[in-house]
Amino acid sequence: MERSQLNLRISDQLGKLIDAKRIELSAQMGAIPSRSDILRLALEMYLETDLSDSEIDRRRSMNKS
């Protein structure tokens with residue numbers, strides 16, 4: 001599957017909040033998710049859509065770690 005890349009600039013405060021969420025979710029996910037993983041999860045919630053079909057390959061690799 002081809003992927004598009006999005007360059008996103010964030011403030012230090014937002015970066016710290018994202019990193020805190022990464023650590024919080026690491027226990028239930030079994031590994032520390034990437035910042036991209038956190039943004040995908042947030043977008044899925046905000047857009048009220050299930051991205052599991054389009055993001056399935058990424059999520060499998062994330063859960064294998």
Side-chain angles (χ1 to χ4, degrees):
M1 173 188 303
E2 186 177 323
R3 296 195 175 268
S4 297
Q5 187 172 6
L6 178 65
N7 184 7
L8 179 67
R9 296 180 189 272
I10 59 173
S11 67
D12 288 341
Q13 180 183 7
L14 184 54
K16 288 176 183 176
L17 291 169
I18 291 169
D19 289 342
K21 182 58 77 171
R22 292 173 64 211
I23 300 305
E24 179 185 324
L25 291 176
S26 66
Q28 74 185 64
M29 297 180 95
I32 298 174
S34 68
R35 283 181 168 183
S36 293
D37 294 330
I38 298 302
L39 294 176
R40 280 187 200 93
L41 291 170
L43 285 169
E44 189 173 77
M45 291 173 61
Y46 179 77
L47 298 172
E48 298 177 349
T49 189
D50 182 4
L51 299 175
S52 59
D53 287 338
S54 64
E55 300 296 324
I56 194 163
D57 57 335
R58 175 65 183 162
R59 290 180 183 196
R60 283 187 182 151
S61 65
M62 184 175 70
N63 291 329
K64 285 182 181 179
S65 301

Worksheet entry | For Lys16, side chain to side chain donor-acceptor pair (under 3.5 Å) partners two or more places apart | none

Discussion item. Applying the side-chain contact (heavy atoms from CB on, under 4.5 Å) criterion to Leu47, which one of Thr49, Leu51, Asp50 satisfies it?
Written reply: Thr49

Worksheet item: Between Leu25 and Leu14, is there a shared hydrophobic cluster once you connect ILVMFWY residues whose side-chain heavy atoms come closer than 4.5 Å?
Response: yes

Practice prompt. Tell me who clusters with Leu17, hydrophobic residues only, linked when side chains sit under 4.5 Å apart either directly or through other members.
Written response: none

Discussion item. By the side-chain hydrogen bond (donor to acceptor under 3.5 Å, both in side chains) test, which pairs, at least two apart or in different chains, include something from residues 20-30?
Written reply: Asp19-Arg22, Lys21-Glu24

Discussion item. Quick check for you: to the nearest 0.5 Å, what is the distance between Ile32 atom CD1 and Asp37 atom CG?
Written reply: 11.5 Å

Discussion item. Holding to side-chain contact (heavy atoms from CB on, under 4.5 Å), I want the full list of residues that pass it with Leu8, two or more places apart in sequence or in another chain.
Written reply: Ile10, Leu39

